[in-house]
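Reviewing the structure listed below.
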Protein chains: 2
Amino acid sequence: MSVSTGRPVTLQDVADAAGVSLATASRAINGSARRVKEPLRQQVLEAAERLGYQPNLQAQAVARGRASMIGLLLHDIADPYFAEIAAGVSQEAERHGLLVTLASTQRSYEREIAHLAGLRAQRAQGVILAGSRLDDAGLNARLASEIELFRRSGGRVTLVSQDVLEADTVRLENREGGLALARALVDLGYRRFAFLAAPQELLTSTERLEGFHEGLETAGAGALVASAVAEFTRDGGFEAMTEILAGGEHVDCVVAANDVMAVGAMSAMRARGVRPAEDLAVAGFDDIATLRDLSPALTTVRFPLVEVGRRAMAMLLDEVETARVHRVPGEVVVRESTPPKD
Amino acid sequence: MSVSTGRPVTLQDVADAAGVSLATASRAINGSARRVKEPLRQQVLEAAERLGYQPNLQAQAVARGRASMIGLLLHDIADPYFAEIAAGVSQEAERHGLLVTLASTQRSYEREIAHLAGLRAQRAQGVILAGSRLDDAGLNARLASEIELFRRSGGRVTLVSQDVLEADTVRLENREGGLALARALVDLGYRRFAFLAAPQELLTSTERLEGFHEGLETAGAGALVASAVAEFTRDGGFEAMTEILAGGEHVDCVVAANDVMAVGAMSAMRARGVRPAEDLAVAGFDDIATLRDLSPALTTVRFPLVEVGRRAMAMLLDEVETARVHRVPGEVVVRESTPPKD
DNA sequence: CTGAAAGCGCTAACAC
DNA sequence: GTGTTAGCGCTTTCAG
């Protein structure tokens, strides 16, 4: 039962009620190195329960020099890719009694660095950086040094993306996924591909494209006859597809660097009277849950994003010295948007 | 330039470097009531800059008795409805230099209450509770008392849902939206409707259903000839639609209590060889951005969810005594999934 | 094993 | 205006 007084119940209140010292109460409630003997321990716990005591985490953080909070930095929480990762992180955090502080950087790498500095100031236990890394040495160096500061101040860092930085990483095997997708599409009979990519410095997109390219080569059939670059969003997909259609090059299959772009591409096709699947095959990457009911159902390279989030959180908590890389393979899922070509 | 020592830079370090007292440094950096005169102020600011000082927010929180953090409690961050709201909240929080602590309750109201208690313990500045309220007096009473405790401890609370509790509320006009949708569909020529609803105690769904019902009555035409109840999710929509189809009742338009259910319903239709729009019209609620590219495009009642999130955050920050209600109207958007019936 | 007391970094009276 | 100092709630030596 929680007491209805205005002033919050403090540990001192609990100690008084249990007739022990502050120190003992602290030890009983948060099992420190020193153990409290049974009779007392129960008394304290009961008093805490009775008074509805809730430890003040801020105060704990100041005293311990470390908060029981982890930061989650992602490009855009409204993008289902990140929302799914966030769900996984949140689930796992809940299991460990950790708070998750969310910051959506709106795809600004400057803001990402600034937030990381902020989280260091919070003495966050750790931070998860989700989202494609950039192929930009200057930016990566600054991020690396901020990460180093963060770590030196005692925090842990996990990336969900490419392992281009010295830190624990959950690495999506984008290249291998692209390669497998290319082979699957060639097997289905496609030969003339267009690729809708994000700007080259966005590694996630570039890896997927390179893998796809390589896949075509090893398959010994099929060629990339067109490509377009636009933002890594639905609107980018629409724009890139429009450009491809205007180009007039004959293609029989369009591959977008992610599902969200693929969806934009399908809309662009329809806007020009081109029917997805029937007139032109389409494929994407990620297998976003919210988009699994599209019609025609989208062929894609599935990455288990919720699990990726959980995994990132688990790595963060699992204290290890050396930077590790956990690889997450993608799985090609062939659906209606790429019917077998006879 | 940030110094690369292990120990974080404290305010005392800044004060020493600037040759002033701790208090003056504090005042200069966080402009308190007392002002610091110009020559000194600059010295302090420069010293802080030079040393790469970052205020320890935990310590500030302990000293001030209030954290610069707000909590966001929602049912499921992977659901695009909540992800969009979260995006709005996050944007607005960023503008005010506030951290957002996210908790995804997985639709457990128990967990919602528990998290609220936790946030009180954190001395969060405020909390936003997003997600349908329940028609359950017992639960609402417990939530109300927890809210009261939270408020008494100095925090603010804003709800995004129904104004069934004494607190600031951003209220989606679900009933009015349902009503308008019914009239629009009747105008298009539909007469035999099926409604896919969430369990009755979920107010968002129930309000939409009741409004829809009322709309049919005032339109003087059309009738609800079937309905099914399932979870307020994609799978729920699939299940409910399957039930309707099995029922054999003749319907010409299916209305789901939200877009996510509508998507599940469309899949269920296709699984039974029924073509959405052509064979059976479909409509939903929310106008989820990620689902705007469906084909056939989904007729829906649009609620500006990102704006709703921003608004909720704004209300939270805007100190006012009495509980206010900000009404957000829905807008019927007719698309391909409900073609005019001749 | 328990208690007393010294911090953790910062704010806010209270003096000068 | 600026400095001194007493907390904020908790953890953690250091004695006993």
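Lettering follows sequence order; numbering is per chain, from 1. Atoms considered below: every heavy atom in the structure, side chains included; atoms not considered: hydrogens, waters and symmetry mates.
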TODO: Inspect the contact between Glu46(A) and Arg50(A) and indicate whether a charged nitrogen and a carboxylate oxygen are less than 4.0 angstrom apart.
DONE: no

Task: Bend angle of the helix from dC1(C)-dG16(D) to dC16(C)-dG1(D), from helix axes over five pairs at each end, nearest 10° - done: 40°

Open item on the list: Per the salt bridge (charged side-chain N to carboxylate O under 4.0 Å, His left out) rule, what does the pair list look like for residues 128-141 of chain A, sequence neighbours excluded?
Closed with: Glu112(A)-Arg133(A)

TODO: Could you verify whether a donor N or O on one side chain and an acceptor N or O on the other, from Thr105(B) and Ser108(B), lie under 3.5 Å apart?
DONE: no

- [ ] Using a strict cut-off of less than 4.0 Å between a Lys/Arg side-chain nitrogen and an Asp/Glu carboxylate oxygen, indicate whether Arg311(B) and Asp318(B) qualify as a salt bridge.
- [x] no

Open item on the list: Between Thr101(B) and Gln122(B), do the side chains contain a donor N or O and an acceptor N or O under 3.5 Å apart?
Closed with: no

Task: Spacing between Asp16(A) atom CG and dA4(C) atom P, to the nearest angstrom - done: 11 Å

TODO: For dG3(D), take OP1 and OP2 only and decide whether either is under 4.0 Å from a side-chain N or O of Thr24(B).
DONE: yes

Open item on the list: Generate the contact string for nucleotides 9-16 of chain C. Rules: B means base contact, S means sugar-phosphate contact only, - means no protein heavy atom under 4.0 Å.
Closed with: BBBBBB--

Task: Carboxylate-amine/guanidinium contact Arg142(B) Glu110(B), below 4.0 Å - done: yes

TODO: Indicate the atoms forming the closest heavy-atom contact of Gln54(B) with Ala117(A), along with that distance.
DONE: NE2-CB, 3.1 Å

Task: Closest approach of Val157(B) to Ala167(B) (non-hydrogen atoms, all atoms of both residues) - done: O-CB, 4.1 Å

- [ ] To the nearest Å, give me how far apart CZ (Arg66(B)) and C1' (dG9(D)) are.
- [x] 15 Å

